[in-house]
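First the proteins, then the strands, lettered A, B, ... as listed; each starts at 1. The figures that follow rest on heavy atoms only: side chains count, while hydrogens, waters and symmetry mates do not.
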There are 2 protein chains.
Amino acid sequence: MPLEKPIQPDQPAPTLAEAKAQFINLWGVSGTSWGVSKTLAQVHALLLVSPQALSTEDIMEQLTISRGNASMTVRELIDWGLVYKELRPGERREYFVAEKDMLQVTRCIIAARKRRELDQMKRTLDQLAQLPGNPADADYQAFHTVLSDIQQLADTSDKLLTRLMRAERNWILDKFLKLFL
Amino acid sequence: MPLEKPIQPDQPAPTLAEAKAQFINLWGVSGTSWGVSKTLAQVHALLLVSPQALSTEDIMEQLTISRGNASMTVRELIDWGLVYKELRPGERREYFVAEKDMLQVTRCIIAARKRRELDQMKRTLDQLAQLPGNPADADYQAFHTVLSDIQQLADTSDKLLTRLMRAERNWILDKFLKLFL
DNA sequence: CACAAGTTTCAATAATTATTGAAACTTGTG
DNA sequence: CACAAGTTTCAATAATTATTGAAACTTGTG
């Protein structure tokens, strides 16, 4: 709740905490239009703007979410490769840090979305394209044209995304953009 | 319902109708992982594999959805630029055809997703970056670094998507892929 | 092995999002 | 302008998805 509507500060300029809260809020909203849960995006944002590693307890407190939610969400972020566990010798409690290199973050996000949105579809398309039918039927041929156009498109996207994922920072900035824009 | 579980055909090979039904199903499932409603994706798929234009009535019937749903969904597809109205002289009823050129379809989808996912975020980011704070504070600077990294990333994505949208078929296939893969 | 300090799971519930369907609207025609 | 043949809107409801929180589990230590 303190993160949603920060109290009016004494000085006119917003405090750092407020700015962070707004950022977490923005990321949460954007997250839902990106197809991830609000909480996932918010935890990611919180860790991105935290200089130190945070514990599950910290995350629960700062975002006012339940322990279960925090635990599951952090685990998912680790799966995506966006967050790392930080273990402190002699402490039982686990701490979490976000990957701060935005290029790396982008790679993880592209990889995750590709897995979710593209790979499954390609598998099913391949299967569909195999269904044999009457090849003399004009209607059937039209259907197959649509199908193979989509397959080609999926393949092209796949290649493009794979390439982007492997891209180096300089490659993106220099070769790519300067060449094409 | 006939579209969900097609009855066993007499001949071993699947009928065209079955293959189409499976495609509509696939597209519907993929749609949800792409963040659009199942119905939107299904109506699009249905129109993609229909050689003739279909009326609202046809769509309702073939997908067993309500009139309201069919009406709203078709209107949204028209907004996206994926479907056109076809008016027949002397007829009150409206018919709908899908854009069949997959390159064009891709452009529409990229444009729509960019609008939804990127443009709003860029606007809010710009706003956030303006919030002034204490520039001497190291913590504050770290925050601003994250912010401007994200902005740069958003800008790069924006340019890349804009470029892709304008791309010609041959440009994509030849120059782009052959050069980079 | 008992306990403390944590983490994870998962059934119940809350929140969100999509869909229905009846009423309101639009448009062309006699 | 009344009516027929359609389309659109939108409040109510259904379906889906996210979240809670208590119970089960895990792990290290005396």
Whole Å only: how far is the [atom1] atom of [X] from the [atom2] atom of [N]?
X        : N      : atom1 : atom2 : value
B:Asn69  : D:dT7  : CG    : C1'   : 14 Å
B:Arg116 : C:dT17 : CZ    : P     : 11 Å
A:Ile59  : C:dT7  : CD1   : C1'   : 13 Å
A:Met72  : C:dG6  : CE    : P     : 21 Å
B:Ile65  : C:dT20 : CD1   : P     : 7 Å
B:Trp34  : C:dT17 : CH2   : P     : 20 Å
B:Lys85  : D:dG6  : NZ    : P     : 15 Å
A:Met60  : D:dA22 : CE    : P     : 11 Å

Looking at side-chain heavy atoms only, is the closest gap between B:Val83 and B:Val43 below 4.5 Å?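 The answer is no, as the side chains (C-beta and beyond) never meet within the 4.5 Å cut-off.
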
Hey, does A:Val146 have a side-chain heavy atom less than 4.5 Å from the side chain of B:Met102? yes

Compare the minimum distances between each of D:dT7, D:dA18, C:dG21 and the side chain of B:Ser66, then state the nucleotide with the smallest one. C:dG21

Does the base of D:dT26 carry an N or O that pairs as donor and acceptor with the side chain of A:Arg92 under 3.5 Å? yes

Contact class for A:Glu94 vs. all strands (heavy atom < 4.0 Å): base, sugar-phosphate, or nothing?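 Touches sugar-phosphate only.
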
Please check the phosphate of [N] (OP1 and OP2 only) for any side-chain N or O of [X] closer than 4.0 Å.
X       : N     : answer
B:Thr56 : D:dT7 : yes
A:Ser71 : C:dT9 : no
B:Arg75 : D:dT9 : yes

With rounding to the nearest 0.5 Å, note down the distance linking CD in A:Gln104 to CD1 in A:Ile109.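 Interatomic distance, A:Gln104 CD to A:Ile109 CD1, rounded to 0.5 Å: 11.0 Å.
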
Going by the angle between their ring planes, with limits at 30° and 60°, are A:His44 and A:Trp27 parallel, tilted or perpendicular?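 Rings of A:His44 and A:Trp27: tilted, as their planes differ by 30° to 60°.
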
By nearest heavy atom, map B:Leu40 and A:Arg67 onto DNA chain C; which one lands nearer the 5' end?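 Residue closer to the 5' terminus by nearest nucleotide: A:Arg67.
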
